[in-house]
Asker: 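Following this message is one structure expressed as C-alpha cells.
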Amino acid sequence: MKKRTILACLDIDNRRVVKGKKFEDVKELADPVELARKYEAEGADELVFYDISASVDRRGMFLDLIRTIADELTIPFIVGGGIQTLSDAELAFEAGADRVSVNSGALRDPELLRRISERYGAEKLLLSMDVSRSSEGQWNVYAKAGREDTGQNALEWAAEGELLGAGGLVVNCIDEDGMQNGYNLELTEKIAQSVSIPVIASGGAGRPQHITELFERTSAQGALAASILHYGQVTLQELQEAKRSAGSSAVKWDENGLVPAILQDAQTKDVLTLAYMNDEALEKTIKTKETWLFSRSRQELWHKGKTSGNRQTVREIRYDCDRDAVLLLVDPMGPACHTGSASCFSGEAPGAKSQAETVLQDLADRIAARQAAPADGSYTSYLFREGLDKILKKVGEEATEVVIGAKNGNLNETANEIADLAYHVLVLMAELGLPAKNVTDILKGRKTEKE
C-alpha cells in the first residue's frame, strides 16, 4: 500500500535552512545537515531539500551539500531547485538523492519530465507546482520561486505532468505558505482528482489537526511540513499520530456500519470483486496490509484468503469523492472469486468497452481538449502549433525508437517507446480529424478473423 507520508521540508539558501511567508520575508534558521539528522531521529518518513534560489540565480545545485546529506541519512530524501536538464537530474542522483523534484525546468521544457522519467523511472520523479489563485479565480502555476505567474492552469498542468511521466506531484499553495492556517484542501483535492499519481500537499501546516484534516478530507498521500517543525511548535511524533488518526474516521458508513469495497488488481487494473467492510475490517486492512472484509451473510469479519490461501497484499487504499466507497488496489495471490475465476466480473456485458479501449479514448479526449484550448508550456499544444509535418516526424521517430528498444531486448524501454508512439499517433489522428473510435471499431471487427 502506498502509505501516507509526513515529509519534513528544508528550504535552503546560501547553504542555510530558511523560511518565509508566501515566499517573502525569508529568514535564516539552521544548518541543514543538523536539522536533517534531527528530523530523521524524530520519525520523518522522508525529507525534502529545495534550493529556493537556484532557478532565480541561474546557478547549479548544492551538490556537495547533497553528498553530505546522503552520507548522514538513512531515510529517503528528495532534491529540488535548479534541475533544468537531464544532466542536472543525473548529478543529483549521483550525489545521493532518492528522488528529484522539478518545477521551473519543466515549465520551460515540459519534455524534461519525459526524459528524466524514461531514464530513471516515474517513481523517481516529482513535478513540483507553486500555485496561487488568480484574480479571475483560476488556480495558476507560478515559476521562479513563486515570483512569475505563468498563466498555466494548475489542474491542466498536473494532468500534463502525469502524461509526460511524473510519478507524483508536490502541490504548494503560495497563498497558505508559512501562514499555518491549514492546507488548502480545495486546491489539493481538485489536483488529486485530476490525476492518478500520488499528491503531496504543501503550504499551511500549523498544528497536528491540519494533518488529520488533510488525510480525511482529500486524497493526498503526503503532507509536507516546514515552519511548525523548524520553530519547534510541534514534533514529528505528534504529526505522525495525527496521520494515524486519519484512518477509518474519514469514511461515511451506511446505516449498518458498512461501506462498499471495490477490489482491483494493482498491476492489471482488472476489477476483482465488490465486497463490504466495517470499521474493524478497514482498520485491520490498514494495519496488516492484507485484505479484510465483512461478510454480510455470516455477519462476521473475513480475512480474504485465510482458508483458500488466495490472500491479497494491499498496495493502496483510496476513498471516492463522497467518502462512501473504498477502493483497494491489491496484488492477488490467487483467484479472487469463490468460483475459481480470477475476477468475479469475468462475464462481459453487451456493448462493454475493454480497458485498453477506455484508456485509448480517454487519452484521445484529453488530446482533443488540448487541441481546442492550447496552453503555454504544453507539449501537445506545441505539436499542434507546429503542424502535420512535425507530428509525422515525431511518429516516425517514435516508431524507430520502438524498433531499437525491442532489438535491444529492453522491455521497460520498449514499453515506454510504445506508449510514446501511441500518444503521437493519437495526436496525428486529432490533427487529421480521425476519431479514435474508427480505429477501435476496426480492431473489434478483427477479433474473429483468422491470423
Asker: As an exercise, state the distance from CD1 of Ile75 to CD of Glu40, rounded to the nearest 0.5 Å.
Answerer: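 Going from CD1 on Ile75 over to CD on Glu40, the span is 4.5 Å.
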Asker: Does the Asn416 side chain pair with the main chain of Asn412, one donor and one acceptor, at a distance under 3.5 Å?
Answerer: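 Here the side-chain-to-backbone pair exists.
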Asker: Under 3.5 Å, is there a donor-acceptor pair between the side chain of Arg217 and the main chain of Glu189?
Answerer: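 Here the side-chain-to-backbone pair does not exist.
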Asker: Do the side chain of Arg323 and the main chain of Thr218 share a donor and acceptor less than 3.5 angstrom apart?
Answerer: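 At least one qualifying donor-acceptor pair exists.
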Asker: Find out whether the Lys NZ or Arg CZ of Arg114 is both under 6.0 angstrom from the six-membered ring centre of Tyr423 and within 45° of the ring's axis.
Answerer: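 The answer is yes; both the distance and angle limits are met.
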Asker: Asp98: which residues meet the side chain to side chain contact (heavy atoms under 4.5 Å, CB included) condition with it, sequence neighbours left out?
Answerer: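 Per chain and number, Asp98 pairs via side chain to side chain contact (heavy atoms under 4.5 Å, CB included) with Pro76, Phe77.
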Asker: Does the cation-pi check pass for Arg67 over Phe62, that is, NZ or CZ under 6.0 Å from the six-membered ring centre and within 45° of its axis?
Answerer: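 Because its charged atom misses either the 6.0 Å distance or the 45° angle limit, Arg67 does not stack over Phe62.
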Asker: Do Asn140 and Arg133 make a side-chain contact, defined as non-hydrogen atoms from C-beta onward lying under 4.5 Å apart?
Answerer: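 Result no, sub-4.5 Å side-chain heavy-atom pair not found.
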Asker: I need the Trp139 CH2 to Ile174 CD1 distance, nearest 0.5 Å.
Answerer: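 Atom-to-atom, Trp139:CH2 and Ile174:CD1 are 10.0 Å apart.
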Asker: Do the charged groups of Lys243 and Asp45 touch, with an N to O distance under 4.0 Å?
Answerer: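 Result for this pair is yes, salt bridge flagged.
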Asker: State, with a plain yes or no, whether a side-chain heavy atom of Val170 is found less than 4.5 Å away from one of Tyr50.
Answerer: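 They are in contact (side-chain heavy atoms under 4.5 Å apart), so the answer is yes.
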Asker: Is there a donor-acceptor contact under 3.5 Å from the side chain of Glu216 to the main chain of Glu213?
Answerer: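 No, the answer is negative, given that no donor and acceptor are paired below the 3.5 Å cut-off.
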Asker: Using a distance-only test with no angle check, is there a side-chain donor-acceptor pair under 3.5 angstrom linking Gln233 and Gln180?
Answerer: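 A pair is found: one side chain offers a donor N or O, the other an acceptor, under 3.5 Å apart.
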Asker: Determine whether Val33 and Leu65 make a side-chain contact, defined as any pair of heavy atoms from C-beta on separated by less than 4.5 Å.
Answerer: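 Side chain of Val33 against side chain of Leu65, heavy atoms only: contact under 4.5 Å found.
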Asker: Does any donor atom in the side chain of Ser132 or Asp175 lie under 3.5 Å from an acceptor atom in the other side chain?
Answerer: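 Asp175 and Ser132 do have a side-chain donor-acceptor pair below 3.5 Å.
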Asker: Applying ring-ring contact (aromatic ring centres under 6.0 Å, His included), can you list everything that pairs with Phe93, at least two apart in sequence or on another chain?
Answerer: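 With sequence neighbours excluded, Phe93 shows a ring-ring contact (aromatic ring centres under 6.0 Å, His included) to Tyr120, given in chain and number order.
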Asker: Quick one, Ser196 and Glu162 - any side-chain contact, counting heavy atoms below 4.5 Å?
Answerer: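 Sidechains of Glu162 and Ser196: in contact.
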Asker: Determine whether Cys173 and Val131 make a side-chain contact, defined as any pair of heavy atoms from C-beta on separated by less than 4.5 Å.
Answerer: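 SC-SC contact between Cys173 and Val131 ruled out.
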Asker: For Glu111, is there an ion pair with Arg115 - N to carboxylate O distance below 4.0 angstrom?
Answerer: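 Looking at Arg115 and Glu111, the cut-off is not met.
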Asker: Does Arg15 pair with Asp64 as a salt bridge, N-O distance under 4.0 Å?
Answerer: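 Salt bridge: yes.
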Asker: So, taking the atom named CG in Leu263 and the one named CG in Leu328, what distance separates them when rounded to the nearest 0.5 Å?
Answerer: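 Going from the CG atom of Leu263 to the CG atom of Leu328 covers 5.0 Å.
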Asker: Has the side chain of Thr5 got a donor or acceptor atom that lies under 3.5 Å from a matching backbone atom of Leu7?
Answerer: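 Answer holds: no.
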Asker: Would you say that Gln312 contacts Asp331 through its side chain, given a criterion of any heavy-atom pair below 4.5 Å between the two side chains?
Answerer: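 Heavy-atom side-chain distance check fails, nothing below 4.5 Å.
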Asker: Taking Lys269 for the side chain and Leu329 for the main chain, is one N or O donor matched with an acceptor at less than 3.5 Å?
Answerer: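 No; zero donor-acceptor contacts below 3.5 Å.
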Asker: Are any of the side-chain nitrogens in Arg370 or Glu156 under 4.0 Å away from the carboxylate oxygens of its partner?
Answerer: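 Yes.
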Asker: More than 12 heavy atoms of other residues, nucleotides or ligands under 6.0 Å from CZ of Arg296: is that the case?
Answerer: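 No - once you tally the heavy atoms of other residues, nucleotides and ligands closer than 6.0 Å, there are 12 at most.
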Asker: Between Arg99 and Glu123 (salt bridge meaning N to carboxylate O under 4.0 Å), is one present in this structure?
Answerer: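 Between Glu123 and Arg99 there is no salt bridge, as every charged N stays at least 4.0 Å from the carboxylate O atoms.
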Asker: Would you say Asp320's side chain and Asp324's backbone share a donor-acceptor pair under 3.5 angstrom?
Answerer: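 Indeed, once roles are kept as given, a pair shorter than 3.5 Å links the two residues.
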Asker: If we only count heavy atoms from C-beta on, is the Glu34 to Lys38 side-chain gap below 4.5 Å?
Answerer: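 No. Closest side-chain heavy atoms not under 4.5 Å.
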Asker: Please determine, by modelled atom types, if Glu316 and Gln221 share a side-chain donor-acceptor pair under 3.5 angstrom.
Answerer: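 Indeed, the side chains of Glu316 and Gln221 share at least one donor-acceptor pair under 3.5 Å.
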Asker: Does Trp292 offer a backbone N or O that forms a donor-acceptor pair with the side chain of Thr285 under 3.5 Å?
Answerer: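 Flag set: sc Thr285 to bb Trp292 pair under 3.5 Å.
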Asker: So how far is it from Leu214 CG to Gln209 CD, rounded to the nearest 0.5 Å?
Answerer: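 One finds 11.0 Å between CG of Leu214 and CD of Gln209.
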Asker: Aromatic contact between His210 and Phe215, with the criterion being ring centroids under 6.0 Å apart: yes or no?
Answerer: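 Here the rings of Phe215 and His210 have centres that are no less than 6.0 Å from each other.
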Asker: Just wondering, are more than 12 heavy atoms of other shown residues or ligands nearer than 6.0 Å to CG in Asn256?
Answerer: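 Yes - once you tally the heavy atoms of other residues, nucleotides and ligands closer than 6.0 Å, there are more than 12.
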Asker: Working to the nearest 0.5 Å, report the span between CG of Asp71 and CD1 of Ile66.
Answerer: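 Separation between the atoms: 12.0 Å.
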Asker: Taking the side chain as C-beta and beyond, is there a heavy-atom pair between Pro260 and Val326 under 4.5 Å?
Answerer: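 Result no, sub-4.5 Å side-chain heavy-atom pair not found.
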Asker: Any side-chain to backbone donor/acceptor pair from His230 onto Cys9? Under 3.5 Å, distance only.
Answerer: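 It does hold such a pair.
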Asker: When rounded to the nearest 0.5 angstrom, what distance separates CD in Gln193 from CG in Leu155?
Answerer: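 Between Gln193 CD and Leu155 CG, I get 10.0 Å after rounding to 0.5 Å.
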Asker: I'd like to know if the side chain of Ser117 and the backbone of Leu113 have a donor-acceptor N/O pair within less than 3.5 Å.
Answerer: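 Side chain of Ser117 to backbone of Leu113: no pair is present.
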